[in-house]
Amino acid sequence: MRISSKRRASSVSEAFGVTESGLFSLSNDELLSRGFELHSSYEGIDLDQLNSLFLKVGFPRRKKEKLTRALQHTLSLFWLRDVKSDQMIAFARATGDNVFNAIIWDVVVDPSYQGAGLGKAVMERLMADLVKRGISNIALYAESNVVGFYRPLGFVSDPDGIRAMAYSRKRR
């Protein structure tokens with residue numbers, strides 16, 4: 001599904017950094033004119049391409065059955081396809097309760113396309129979609145080397161002194 005280029009980020013001022021003007025940094029028309037097709041559904045995702053994209057950025061390969069199930073339980077996602085090469089080049093998704101909380105996962109951009117604003121383009125749309133749903137608590141997990149990418153989008157480390165914790169099973 002393509003999103004209209006006229007679509008504005010709803011309640012953008014509430015999204016703290018999605019965009020200050022209420023417009024995305026790259027419109028859908030601009031993305032398309034550069035040869036990138038925007039999608040907001042897991043329909044049409046080639047799991048081999050998604051796994052290949054994950055591997056390019058150092059994420060682990062995932063079993064197709066589990067990846068399918070994860071995508072089916074995803075609250076919101078956006079991805080870009082390079083029309084010329086017919087390859088997925090950017091992806092981001094969020095899970096959550098669709099009321100209060102969401103967590104952003106799997107934000108990836110093919111390294112050969114990084115620096116062109118494509119990661120920001122999918123993140124802006126993902127965050128705008130979550131804010132439009134009324135979700136006010138948006139979190140993400142990020143490697144320390146990419147934290148700087150998220151700060152201009154409004155993310156801060158440990159807001160209000162909250163420290164994240166993770167359950168970890170001891171391996172035998």
Side-chain angles (χ1 to χ4, degrees), residues 1-3 5 7 9 15 17-19 24-96 102-131 135 138-157 164 166-169 171:
M1 161 166 107
R2 276 196 210 146
I3 299 171
S5 62
R7 181 173 173 182
V18 172
T19 61
F24 298 119
S25 58
L26 293 172
S27 73
N28 296 342
D29 285 343
E30 288 173 292
L31 288 169
L32 197 53
S33 74
R34 292 183 182 187
F36 307 124
E37 191 175 74
L38 177 68
H39 298 268
S40 61
S41 167
Y42 74 89
E43 302 289 328
I45 289 180
D46 179 318
L47 298 178
D48 290 324
Q49 284 189 19
L50 182 55
N51 258 326
S52 176
L53 184 57
F54 286 158
L55 290 173
K56 287 178 182 179
V57 299
F59 285 14
R61 178 178 300 281
R62 297 167 185 181
K63 292 182 180 179
K64 286 185 180 181
E65 325 63 71
K66 285 188 169 189
L67 192 49
T68 297
R69 198 169 54 194
L71 293 173
Q72 290 171 339
H73 289 90
T74 292
L75 177 62
S76 180
L77 64 82
F78 289 86
W79 57 282
L80 291 171
R81 181 179 75 87
D82 182 328
V83 175
K84 189 182 287 185
S85 68
D86 193 30
Q87 294 296 306
M88 177 184 290
I89 57 161
F91 178 86
R93 72 183 186 104
T95 59
I103 300 176
I104 297 173
W105 306 94
D106 302 329
V107 180
V108 291
V109 177
D110 184 308
S112 62
Y113 293 86
Q114 290 176 4
L118 303 178
K120 183 177 182 181
V122 293
M123 280 295 295
E124 287 172 339
R125 286 158 176 83
L126 184 62
M127 292 173 58
D129 185 52
L130 296 172
V131 169
I135 297 171
I138 303 171
L140 67 81
Y141 288 94
E143 299 289 328
S144 58
N145 61 326
V146 295
V147 168
F149 168 77
Y150 295 104
R151 284 195 178 111
L153 293 168
F155 287 92
V156 296
S157 298
Y167 173 74
S168 178
R169 294 186 294 179
R171 297 186 189 252

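Quantities reported herein were computed from a predicted structural model and do not represent experimental measurements. Atom set for the values below is all heavy atoms of this structure, side chains included, hydrogens, waters and symmetry mates excluded.
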Which heavy atom in Phe155 sits nearest to a heavy atom in Ala139, and how many Å separate them?
-> CE2-C, 4.4 Å
Side-chain heavy atoms of Asp86 within contact of Arg81, under 4.5 Å = yes
Residue Glu143 excluded, over 12 heavy atoms near CD under 6.0 Å | no
Take the angle between the ring planes of Phe54 and Phe91 and call it parallel below 30°, perpendicular above 60°, tilted in between.
-> perpendicular
Tyr113 side chain reached by Leu80 side chain, heavy atoms, under 4.5 Å | no
Flag, side chain of Gln87 to backbone of Gln49, donor-acceptor distance under 3.5 Å = no
Verdict with supporting geometry, Glu30 and Phe24, side-chain contact (heavy atoms from CB on, under 4.5 Å) | CA-CA 10 Å; Glu30 288 173 292; Phe24 298 119; over 6 Å; no
Any idea how Trp79 and His39 line up, ring-wise: parallel (<30°), tilted (30 to 60°), or perpendicular (>60°)?
-> parallel
With distance as the sole test, does Thr68 use its side chain to make a donor-acceptor pair with the main-chain N or O of Lys64 at under 3.5 Å?
-> yes
With the side chain counted from C-beta on, respond yes when Leu38 and Leu32 share a heavy-atom pair under 4.5 Å apart, and no when they do not.
-> no
Do Tyr150 and Leu140 have side chains that get closer than 4.5 Å, going by heavy atoms?
-> yes
Exercise: do Asp29 and Ser27 side chains pair donor with acceptor under 3.5 Å | no
Option from Leu47, Leu55, Leu50, Leu67 for which side chain to side chain contact (heavy atoms under 4.5 Å, CB included) with Arg62 holds = Leu67
Using atom types as modelled and distance alone, determine if a side-chain donor or acceptor of Arg125 lies under 3.5 Å from a backbone N or O of Ala121.
-> yes
